[in-house]
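Here the structure comes first, spelled out in structure tokens, and everything after it is commentary.
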2 protein chains.
Amino acid sequence: MDEPLRKPYSAPISLKQLAEYLKLSPATVSLVVNNAPHVRTIAKATRARVLEAAKELNYRPNSLARSLRTRQTFTIGVIVPELSEGYFTILMNAVESSLLQAGYLHFVVSHQWQPDLIDEYPKLLLNRFVDGLLLVNTELHQAVNVPVVSISGHKKMQGVTNILLNHDRSAMLALKHLYDLGHRRIAFMRGQRHVSDSQSRWESTMGRAQEIGIEVDPELCIYLEANSWLPELGYGPTRDLLSRRRDFTALFCFNDTAALGAIRAIADAGLSCPGDISVVGFDDIAVAAYHLPSLTTVRQPLRQMGEIAAQLLIKRIQNPNEEYADAIHFDPELMARESTREVSG
Amino acid sequence: MDEPLRKPYSAPISLKQLAEYLKLSPATVSLVVNNAPHVRTIAKATRARVLEAAKELNYRPNSLARSLRTRQTFTIGVIVPELSEGYFTILMNAVESSLLQAGYLHFVVSHQWQPDLIDEYPKLLLNRFVDGLLLVNTELHQAVNVPVVSISGHKKMQGVTNILLNHDRSAMLALKHLYDLGHRRIAFMRGQRHVSDSQSRWESTMGRAQEIGIEVDPELCIYLEANSWLPELGYGPTRDLLSRRRDFTALFCFNDTAALGAIRAIADAGLSCPGDISVVGFDDIAVAAYHLPSLTTVRQPLRQMGEIAAQLLIKRIQNPNEEYADAIHFDPELMARESTREVSG
DNA sequence: CCGACGAGGCCCAAACTGGTG
DNA sequence: GCACCAGTTTGGGCCTCGTCG
């Protein structure tokens with residue numbers, strides 16, 4: 001365990017120094033180390049010599065100088081609303097590993113739903129010459145001249161590929177599940193106005209409800225307001241709802257975190273989940289399966305969505321002139337667990 | 001809502017173009033826009049002219065060219081084990097906002113506890129000329145020539161400032177709490193060997209236990225192994241423990257996520273928390289207060305720790321020659337909630 | 001058989017990226 | 001105004017060798 005510290009990591013030698021050592025010009029060395037097309041014109045023996053010396057002297061090209069010239073930074077900018085638990089971490093674990101494999105690093109900025117930051121951050125990142133943008137639950141207000149991939153709820157826009165969940169299917173899975181368990185009076189949670197997913201999810205939910213024959217009572221609809229992705233998001237609104245009305249047997253939440261808050265509010269009101277009220281979440285974050293009761297939820301394949309998003313973004317960066325789909329849809333999956341149960345009586 | 005899209009964000013003009021427009025040399029313009037010390041030598045009227053034109057033509061200095069010259073990138077590298085729920089998100093929310101306020105962006109890389117990546121990532125980031133490194137639960141194997149701030153569990157090392165939790169106090173808070181509730185037979189969870197915090201926390205726990213008069217039964221000690229920061233981390237080991245022994249009334253967990261897994265394991269074994277077994281967590285992640293039962297836990301002031309870490313790192317970057325403490329300690333706080341209760345019988 | 005000329009092979013000079021001092 | 005940061009890129013230049021008159 002107590003291995004001696006090696007010498008501090010120091011700046012590598014420059015291309016010029018390497019060229020001098022090899023008695024070659026910087027141009028030649030550059031061609032070889034980059035394996036540029038033009039490298040054919042350089043003798044095989046020379047190439048080998050260069051590569052060997054580069055390895056030996058541990059030559060590493062200066063990324064700033066290179067980027068300055070080539071206008072490529074191998075950096076992408078990620079814009080998220082906030083570093084939420086569950087949702088964000090699962091997604092970004094997938095994004096990060098895909099990006100790193102391709103040799104890209106990424107900046108992360110979170111705008112906390114502040115409109116000025118939503119405007120500002122794309123510019124800030126472009127000033128740093130990111131090669132592309134990855135948006136999570138965030139909408140661009142201004143076209144940009146780098147490839148953009150957006151996860152969840154972006155308007156259709158030139159140059160932006162949207163990674164989307166099939167909302168109709170999501171709503172159908174959750175509502176069918178509740179309906180089959182006998183639930184008829186269901187409370188609904190609508191996401192915050194500024195969360196770009198809210199609108200389409202809500203419409204899908206209302207549409208499917210009508211289709212199945214579930215009547216939606218406006219009085220049983222909760223409208224989330226808090227700028228938060230924490231359990232308190234669902235706690236307050238659910239507590240308020242319960243103080244007004246208790247004539248419902250199920251609650252369909254906007255996300256798992258809110259669902260955890262809701263279940264707490266139900267317990268604090270002296271009721272039980274799923275005994276009195278069944279709760280359905282959304283996302284399937286890691287704690288969902290371990291919570292008491294474990295959470296029935298509509299699972300988003302966040303890992304795959306993150307991977308595809310990152311890979312597609314890189315493909316678009318490296319191949320800007322091809323045609324790309326402007327939307328990719330993913331299918332949700334219902335994870336039926338303990339927080340939903342047949343309606344009693 | 002349907003505001004028209006503004007023109008795409010385009011590359012700003014260069015310093016040279018600006019200079020040409022003003023019929024001045026690039027040098028002069030550079031001096032003015034940077035408000036360099038030497039700027040005194042330039043007529044006030046000229047200065048004003050330059051600044052006005054810069055604003056008007058929306059001049060933005062090319063960050064790559066500037067960094068190439070100045071060897072400063074206003075970028076810092078953050079190395080974490082993984083993008084864990086709770087711990088990571090709270091910390092990074094604080095880090096991010098502090099960094100952004102100071103004009104810094106950051107790269108995040110997570111090494112997933114793979115030794116080769118722990119070695120590789122500092123070099124990768126230094127190749128990108130980060131101005132400093134922020135380590136979370138990660139140890140450097142090689143000295144580097146930029147300032148480093150480390151949160152949790154770094155060995156003492158030249159040039160590294162450690163942000164640490166007072167482990168003795170943490171252990172004392174948790175154990176005293178359990179002891180006062182009448183618990184004498186307590187099970188303990190030891191963090192993974194490769195998690196740098198594990199060792200010192202374990203030693204503190206053992207030391208305080210002895211001091212208070214709690215006997216530690218090696219058979220009641222759980223050794224975490226999984227490379228995970230998810231509830232399963234605590235679930236498996238707790239389930240195994242319960243299948244062997246049930247003669248304990250409390251369990252002190254390595255972190256909250258593991259505690260949630262443990263509580264689930266207790267429930268799955270037909271026991272109840274806190275009825276049969278009290279559980280104490282560590283960290284105080286967001287769900288802790290909403291879980292059923294809500295989690296008694298040792299709270300780390302992660303937000304403050306993140307803020308201080310980021311601010312100190314920036315101070316060290318901008319002021320490299322001053323002396324800095326090599327450790328800053330933070331005090332934990334006990335959040336007594338429902339998962340612990342007086343021992344019955 | 002010699003000299004001229006053309007064709008490649010191999011490498012380099014120099015301009016360029018955009019700003020600093 | 002000029003050198004400098006550290007690379008990339010491209011249009012030649014020089015040399016060699018082969019061929020042909």
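Quick note on labels: first sequence line is chain A, next is B, and so on, each numbered from 1. Values below: every heavy atom of this structure, side chains too, minus hydrogens, waters and symmetry copies. Keep in mind that what you see is a predicted model, and the values were worked out from it rather than measured.
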Legend entry - DNA chain C-proximal residues of residues 42-56 of chain A, any heavy atom under 4.0 Å: A:Ile42, A:Ala43, A:Thr46
Inset, instruction - If a pair satisfies side-chain hydrogen bond (donor to acceptor under 3.5 Å, both in side chains) and one of its residues is in residues 35-57 of chain A, list it, with sequence neighbours excluded. - result: none
Inset, instruction - Flag the pair B:Glu307 and B:Arg303 as a salt bridge only when some basic side-chain nitrogen lies within less than 4.0 angstrom of an acidic carboxylate oxygen. - result: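 B:Arg303 and B:Glu307: salt-bridged.
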Inset, instruction - Only one of B:His194, B:Glu82, B:Gln112 passes side chain to side chain donor-acceptor pair (under 3.5 Å) with B:Asn227; say which it is. - result: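 With B:Asn227 as partner, B:His194, B:Glu82, B:Gln112 yield a single side chain to side chain donor-acceptor pair (under 3.5 Å), made by B:His194.
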Legend entry - Qualifying residue, where the test is side chain to side chain donor-acceptor pair (under 3.5 Å) with B:Asp119 and the options are B:His111, B:Gln142, B:His141: B:His141
Inset, instruction - Work out how much the helix from C:dC2-D:dG21 to C:dG21-D:dC2 bends between its end axes, five pairs an end, to the nearest 10 degrees. - result: 70°
Legend entry - A:Met305 and its side-chain contact (heavy atoms from CB on, under 4.5 Å) partner, picked from A:Val95, A:Val136, A:Ile151: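 That would be A:Ile151; it is the only one of A:Val95, A:Val136, A:Ile151 passing the side-chain contact (heavy atoms from CB on, under 4.5 Å) with A:Met305.
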Legend entry - Parallel, tilted or perpendicular: rings of A:Tyr87 and A:Trp229 (30°, 60°): tilted
Inset, instruction - Specify whether A:Tyr104 and A:Phe74 have parallel, tilted or perpendicular ring planes, treating 30° as the upper limit for parallel and 60° as the lower limit for perpendicular. - result: tilted
Legend entry - Any residue meeting side-chain contact (heavy atoms from CB on, under 4.5 Å) with A:Ser97, in chain and number order, not counting sequence neighbours: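 A:Ser97: no side-chain contact (heavy atoms from CB on, under 4.5 Å) contacts found.
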Legend entry - Contact boundaries on DNA chain C for chain A, cut-off under 4.0 Å to non-hydrogen atoms: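 Endpoints of the contacted stretch of DNA chain C: C:dC10 to C:dG18.
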Inset, instruction - Please answer whether the main-chain N or O of B:His106 pairs with a side-chain N or O of B:Thr75 as donor and acceptor at a distance below 3.5 Å. - result: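 Flag not set: sc B:Thr75 to bb B:His106 has no pair under 3.5 Å.
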Inset, instruction - Step by step, work out the side-chain hydrogen bond (donor to acceptor under 3.5 Å, both in side chains) result for B:Ser67 and B:Gln72. - result: CA-CA 5 Å; B:Ser67 294; B:Gln72 261 209 88; over 6 Å; no
Inset, instruction - Would you classify B:Leu64 as touching base, sugar-phosphate or nothing, given that sugar-phosphate means primed atoms plus P, OP1 and OP2, and contacts are heavy atoms under 4.0 Å? - result: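 No contact.
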Inset, instruction - Do nucleotides 5-10 of chain D as a string where each nucleotide becomes B, S or -: B if the base has a protein heavy atom under 4.0 Å, S if just the sugar-phosphate does, - if no protein is that close. - result: BBBBBB
Inset, instruction - Supply the atom-to-atom distance A:Lys315 NZ to A:Leu313 CG, rounded to the nearest 0.5 angstrom. - result: 12.0 Å
Inset, instruction - Start with the C-alpha distance between B:Thr73 and B:Arg128, add both sets of side-chain angles, then the distance that settles side-chain hydrogen bond (donor to acceptor under 3.5 Å, both in side chains), and finish with yes or no. - result: CA-CA 9 Å; B:Thr73 56; B:Arg128 296 292 198 108; over 6 Å; no
